[in-house]
Amino acid sequence: SAARAASTPAAPALTELLKVETARLLDPLKGVDQQTFDVEREVVRNELRQRNERGEVAAVETALAAALYPPSHPYSRPIIGTDASLQTLTLDGARAFAAKHYRPEKMTLLVAGQVDPEGIPALLEKGMATPFLAPPPGGPIKPATRLVAKPPPPPEGTPAGMPGTG
């Protein structure tokens with residue numbers, strides 16, 4: 001599964017935000033002790049119960065996901081789990097999961113707004129921690145960086161008001 005996080009800083013705060021986000025991504029469970037973990041697990045269990053007081057919602061979602069995806073696919077299971085699966089979670093298990101799956105090399109960074117596209121690499125160098133920029137343990141991966149200064153114009157002949165006309 002993919003975690004998604006969004007931050008919307010003012011352009012001058014981007015470097016500081018990158019430092020904070022780097023620290024968070026490198027150690028997402030930093031400062032989480034057993035008591036905090038237990039409380040947060042109960043919060044998620046309560047959210048699950050509140051969304052599914054009578055059971056019909058979970059039954060439909062579970063049946064639909066099972067019909068659409070093979071059992072080995074992560075989407076074939078409930079998004080936040082079941083009450084039974086949540087009860088089995090441990091802090092050590094969460095740390096192992098985070099270490100394996102919440103990896104900087106799996107991150108996609110989107111920078112949009114009033115930022116000079118040519119200056120983004122320098123911002124990343126200045127704002128992100130060195131370990132974050134190091135190649136992953138298995139060696140370098142092909143970068144998927146795409147800098148877009150502005151969206152392309154709509155195709156010629158596109159009527160006003162159509163998608164892509166601004």
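None of the values given here were measured: they were computed from a predicted structure.
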Value rounded to 0.5 Å, distance of [atom1] in [X] from [atom2] in [Y]:
{"X": "L48", "Y": "E42", "atom1": "CG", "atom2": "CD", "value": "11.5 Å"}
{"X": "L91", "Y": "T36", "atom1": "CG", "atom2": "OG1", "value": "9.0 Å"}
{"X": "D92", "Y": "F97", "atom1": "CG", "atom2": "CZ", "value": "15.5 Å"}
{"X": "T90", "Y": "R95", "atom1": "OG1", "atom2": "CZ", "value": "9.5 Å"}
{"X": "Y102", "Y": "R24", "atom1": "OH", "atom2": "CZ", "value": "9.5 Å"}
{"X": "N46", "Y": "R41", "atom1": "CG", "atom2": "CZ", "value": "12.0 Å"}

*Closest heavy-atom contact between P71 and S76?*
O-OG, 3.1 Å

*Scan side-chain atoms only and decide if Q87 and D83 contain a donor-acceptor pair under the 3.5 Å cut-off.*
yes

*asked:* Could you check whether D38 and Q34, counting side-chain N and O atoms only, form a donor-acceptor pair closer than 3.5 Å?
replied: yes

*asked:* Taking the side chain as everything from C-beta on, heavy atoms only, tell me whether L29 gets closer than 4.5 Å to F37.
replied: no

_Would you call the rings of Y69 and H73 parallel, tilted or perpendicular, taking 30° and 60° as the class edges?_
parallel

